[in-house]
Amino acid sequence: MDKINFNKIEKKWQKKWKDSKIFEVKEDRKKEKFYVLEMFPYPSASGLHMGHALNYTLGDILARFKRMQGFNVLYPMGYDALGLPAENAAIKEGTHPEKYTKNSMKNFMNQQSLLGLSYDWSRLINTSDSGYYQWDQWIFLKMLEKGIAYRKKSSVNWCPECKTVLANEQVQNGKCWRHPDTEIEVKPLEQWFLKITDYAEELLDKLEGLDWPQRTKAMQKNWIGKSYGTEILFEINEEKWPIFTTRPDTIYGVTFMVVSAQHQRLMELVTKEQKKEVEKFLQKLKSVSAKNAVDLEKEGVFTGSYAINPLTNEKVPVYAGNFVVADYGSGMVMAVPAHDQRDFDFAKKYKIEIKKVIVPKGMTSAEASGKITNDGAYTGLGKLINSEKFNGLENEKAKEEITKYLEHRSVYPKVRNTGAKKLGRKVVQFKLRDWLISRQRYWGTPIPIVYCEKCGIVPIPEKDLPIKLPKNVEFGKGNPLETNEKWIKIKCPKCDGDARRETDTMDTFVNSSWYFLRYCDPNNKKKIFDMQKVKDWMPIDQYIGGAEHACMHLIYCRFYTKFLRDLGLLNFDEPIKKLFHQGMLHGDDGEKMSKSKGNILNPLDTIANYSTDSLRLALMSFASPDSDSNWDEKVLIGSHKFLKKIADYFENVKIKNINNIKFESKLNKIIKEVTSQIGNFKYNLAIIKLRDLFNSLPNEVSQKVLEKSLKLLHVFCPHITEELWEKIDNKNFISLSKWPEVDESKIDERFEKQEQFVEKLVGDIQHVIKLLDKKIKNVFVYVLPNEKNIYVENLDLISKRIGTKLKIYAVNDKEKYDPENKSKKVKPGRPGIYLK
RNA sequence: GCGGGGGUGCUGGAGUGGCCAAACAGGCAGGACUUAAGAUCCUGUAGCUUAGUGCUUACGCAGGUUCGAAUCCUGUCCCUCGCACCA
């Protein structure tokens, strides 16, 4: 019965596409460009999973669609080949990461071809190729030159599992992004950073203009975390310490200060008498991992020092505390227990005075007094009290007034001049921190730096790039690059003296921060890319990938773009015009697909059992592409059946030179709908329309109608449509054919109405048959004379659907058989029925 | 705590002011075909009622706006995702 061998057909067309290189593109000013890109994968030995298949199918459909619409479509693929997972997997398998990666890549490419993806493979990128990562090094040198790359000692996140430090973005909930069970340790180390904070403002501002999902923009905004506040100078031990606060209005309520236990200069604040206590406290903190920090009770220890409030001259104790973040703001806070819950908790614990300075509107200070001290901090709006000349001000207003006042007071009471001109100033704070890119691991881009005994840190000259990863290293003994002494030893480029290479490599996210630019000119040996080519293709018109990269890759690549622009290499600010996050595909049990749950599906098995086209169709049918969905084998089977039916239809259809205006109307309507739906990623809805279309194709049609129908389906099911396209005597690829245009003049809503009339009649007849509950032999239908044609034309269809013969009379037909005078009931669009 | 996204039939999921008892798919039921099963095709699938009708109740819950609401507004509950001791 299975006349058609899908797998064979698919192989055939995949080969033809490959051999004819039809998807390779060049810049072409005559056509409008369209750049479709999916986030490139980490090649792992386990190969493609369903999520990949979904992701790439989404992109492929769009690429094919745009290509058929006449765009010059850039649709490349590559591999994010450097990175820890590859290194770890290689170690586990006892092989070299390079070999592991090569195999995985080969495997991926193979599998991607089986999905029928229309990539321009001539632009393939492999980030582990020194021809690629030398440009990572080049960018690094440029950043060094511009002061964007720098080395500094600071408290950094260390993942004991990865055995390397991580960027802030890679720490989630105090745990490693790759190891959700591994707690991050904080270590003071000297590391390389990229000064992404220089671009914080722009990264935030330009967000607004991007056609990205709301939530992603919100996440980035949140991550960048701009807040306005006031920096106030408090004097401690005759030195001025700036304190950042967003609540200058509560300055009269400050009753103590808390400095972060991780503060770089903490020990300067600790007096001799308190030293022991503080050290004990720090020791205790050490045993607590970052993970639990949030749930931790607020604790602290007195440092022995006092701070002087610049407005009241009051001396308040300075505590070291476990709840203050060291590298946000000033790493120290002015504590106002009456109006901040954390400060409140702390004050309660250590029995520190709680001084209220804001009362809610309409409440007397006496009333407020009880409320505040009993229930916790009052953080709402209100009026100032106990604040000298600011009493009675609305607190929002007071923020400005007090800041202004601080800005204009240049005298710091009783203190020698330290050069500070103001007691306070308005400042902007960002949560975004500089990007720590050093990794103590092997499988990454080597950092082009040497440490010279005489000259210190010396960059390796551009002409000496790439610094290739040495093959010969030992794994499992700390940083692998440190095990190759021969490689490490180098002459200083400056003084030719003895020097050692940097043995850390760069974070893998460096590679993915600009790869989309390299696709525009992937084989350039002389330059990172040709500016004109990049101008021609960029920015990415549609980027497709998972939402999990919102605060990592998607922010880093924007930063890189801005840096390269400032270097004069790019003429645009943002790399990604439009972003789409596909939903997660879960197992049929509704759970995330995972090995442990045993609900993983291999796309290749599915393809072997059904076909690529069936899989693609099913993947697009589950739900709207942006929402999560569950795998359902039945949907796959249904999709497969649908395609078989179409193939059957093409076996039997009679192609004639006829003009079926009714079907043309439907076809054009569907062309219109499908075109707009595909453009908006409503693939699931487009497929519904296509089902409708193919299910109602008449047995005799014109060549043109068949061709147009196939084209619509082609983007979803490229193989079978190529095959059928060929079958109906087309010599060229349907892949290269032109997307059908809508002929609005052919759309006639009347046909749809008529179709509904027929549906209604069938329904009514069925209904009555059921009510009568007996065998019906004959059906008589009475219709208005002007509607008679509609029903007569569909006589066969109606008869087939009700499973009985029927006779249609016009109500004015004198010869009609109508023993119960049912023709009296006839209304427009509703015939009379008599059953016997 | 802050910020996103949701709650629709037996199921997956459409629908964002009237054409909705709700596309399409699946499940289930009935029928056709068949010796039978499968495949295929047709019909039905909120409740009551009815020779094709009429009515009622439905889109988390409660209100509101409107001639009219699943769709807009307010409140509320629940689910989900991201960030979070950020001063």
Side-chain angles (χ1 to χ4, degrees), chain A residues 1-2 172-174 213-223 225-227 229-230 243-248 250 257-258 260 293-298 321-336 339-343 345-346 379 429-433 547-548 550-551 583-584 588 590 618 621-624 626-635 637-639 641-642 644-645 648 682 684-685 687-692 695 753 756 760-773 781 797 799-804 820 822 825 830-835:
Chain A
M1 182 68 199
D2 232 26
Q172 291 164 358
N173 269 328
Q214 264 316 311
R215 62 173 159 151
T216 307
K217 292 207 269 185
M219 276 158 87
Q220 289 207 356
K221 192 177 163 192
N222 198 306
W223 187 256
K226 183 177 184 176
S227 60
T230 306
I243 303 296
F244 176 75
T245 181
T246 54
R247 297 294 307 272
T250 62
M257 310 287 285
V258 187
S260 167
V294 185
D295 319 316
L296 219 57
E297 198 185 341
K298 308 216 171 342
N322 64 355
F323 68 98
V324 177
V325 179
D327 51 356
Y328 178 76
S330 39
M332 195 188 314
V333 298
M334 57 176 230
V336 185
H339 306 291
D340 182 284
Q341 192 56 42
R342 292 155 302 180
D343 298 348
D345 295 342
F346 194 88
T379 55
Q429 272 293 333
F430 290 96
K431 281 199 250 181
L432 185 72
R433 261 47 63 83
E548 66 276 10
C551 292
M584 281 252 273
D588 52 7
S621 300
F622 291 122
S624 172
D626 56 349
S627 61
D628 293 351
S629 54
N630 299 339
W631 175 263
D632 185 349
E633 192 81 9
K634 290 194 186 107
V635 173
I637 295 169
S639 303
K641 273 188 199 166
F642 175 62
K644 276 210 291 205
K645 223 161 71 181
D648 271 356
K682 307 222 164 190
N684 54 329
L685 301 184
I687 287 170
I688 286 165
K689 290 293 164 195
L690 290 178
R691 280 180 178 271
D692 182 13
N695 283 335
K753 196 129 222 171
Q756 283 167 12
K760 176 97 171 86
L761 178 62
V762 170
D764 284 351
I765 294 172
Q766 287 289 346
H767 192 163
V768 181
I769 290 175
K770 204 172 171 191
L771 285 173
L772 291 180
D773 196 26
V781 174
L797 178 74
S799 150
K800 185 184 164 198
R801 300 216 5 214
I802 60 176
T804 325
E820 291 191 14
K822 296 291 184 192
K825 294 192 128 185
R830 215 191 82 183
I833 303 164
Y834 175 67
L835 305 183

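Here the structure is a predicted model, which means the values were calculated and not measured. The analysis underlying the following values was restricted to heavy atoms, covering all of them including side chains, and did not include hydrogens, waters or symmetry mates.
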>> Can you confirm whether A:K682 is buried at NZ, in the sense that more than 12 heavy atoms of other residues, nucleotides or ligands lie under 6.0 Å from that atom?
In response: no
Q) Is the backbone of A:R691 close enough, under 3.5 Å, to the side chain of A:N695 for a donor and an acceptor to pair up by distance? A) yes
_At 4.0 Å (heavy atoms only), tell me whether A:K226 reaches a base, stays on the sugar-phosphate, or touches nothing._
nothing
Testing B:A87, B:A23, B:G4 for proximity to the side chain of A:L685, the answer is B:A23
With the side chain defined as heavy atoms from C-beta on, A:Q172 is closest, among B:C83, B:A87, B:G27, to B:C83
Among the nucleotides B:A51, B:A87, B:G15, whichever has the atom closest to the side chain of A:V768 is B:A51
Result for 5'-nearest mapping on RNA chain B, choosing between A:G329 and A:R215, is A:R215
Of B:U43, B:A51, B:G82, the nucleotide closest to the side chain of A:Y834 is B:A51
* Under 3.5 Å, is there a donor-acceptor pair between the side chain of A:S330 and the main chain of A:F244? -> yes
A:D628 atom CG is separated from B:C79 atom C1', nearest whole Å, by 13 Å
Separation of B:A84 atom P from A:K221 atom NZ, nearest Å, is 17 Å
- Task: Looking at every strand, decide which applies to A:G321 at a 4.0 Å heavy-atom threshold: base, sugar-phosphate, or nothing.
- Result: nothing
Whole-Å distance, A:K298 NZ to B:C85 C1', equals 5 Å
Q) Touch check for A:V635, heavy atoms < 4.0 angstrom, all strands: base, sugar-phosphate only, or nothing? A) nothing
_Heavy-atom side-chain proximity of A:D343 to A:K298 below 4.5 angstrom_ = no
Touch class at under 4.0 angstrom, heavy-atom based, for A:V336 against every strand present
nothing
Here the distance between atom P of B:G26 and atom CH2 of A:W631, to the nearest Å, is 15 Å
Partner of B:A14 under the Watson-Crick or G-U wobble criteria, both distances under 3.5 Å, comes out as none
Separation of B:A14 atom P from A:L690 atom CG, nearest Å, is 17 Å
Quick note, A:N222 side chain, CB onward, closest among B:G4, B:G15, B:G82 is B:G82
Against the side chain of A:K641, the closest entry in B:C24, B:U53, B:U40 is B:U40
Side-chain contact check for A:A218: nearest option of B:G3, B:A14, B:A87 is B:G3
Per atom distances to the A:K645 side chain, the nearest of B:C41, B:A87, B:U43 is B:C41
Select base, sugar-phosphate, or nothing to describe what A:S639 touches, counting heavy atoms under 4.0 Å on all strands. nothing
*asked:* By the 4.0 Å heavy-atom rule, please label A:P213 as base, sugar-phosphate, or nothing.
replied: nothing
note: A:K431, atom NZ; B:G82, atom C1'; distance rounded to Å ~ 12 Å
Check your understanding: Heavy atoms, side chains only, cut-off 4.5 Å: are A:D327 and A:R433 in contact?
Key -> yes
Considering only heavy side-chain atoms of A:R691, the closest of B:U53, B:A25, B:G4 is B:A25
Assign each of A:D632 and A:F622 the nucleotide of RNA chain B bearing its closest heavy atom; nearer the 5' end lies the nucleotide of A:F622
In whole angstroms, the gap separating P of B:G26 from CD1 of A:I688 amounts to 12 Å
In whole angstroms, the gap separating C1' of B:A25 from CZ of A:F642 amounts to 12 Å
> Heavy-atom distance under 4.5 Å between the side chains of A:M257 and A:I243, does that happen here?
Replying inline: yes
A:Q214 has its side chain closest, among B:G15, B:G4, B:G27, to B:G4
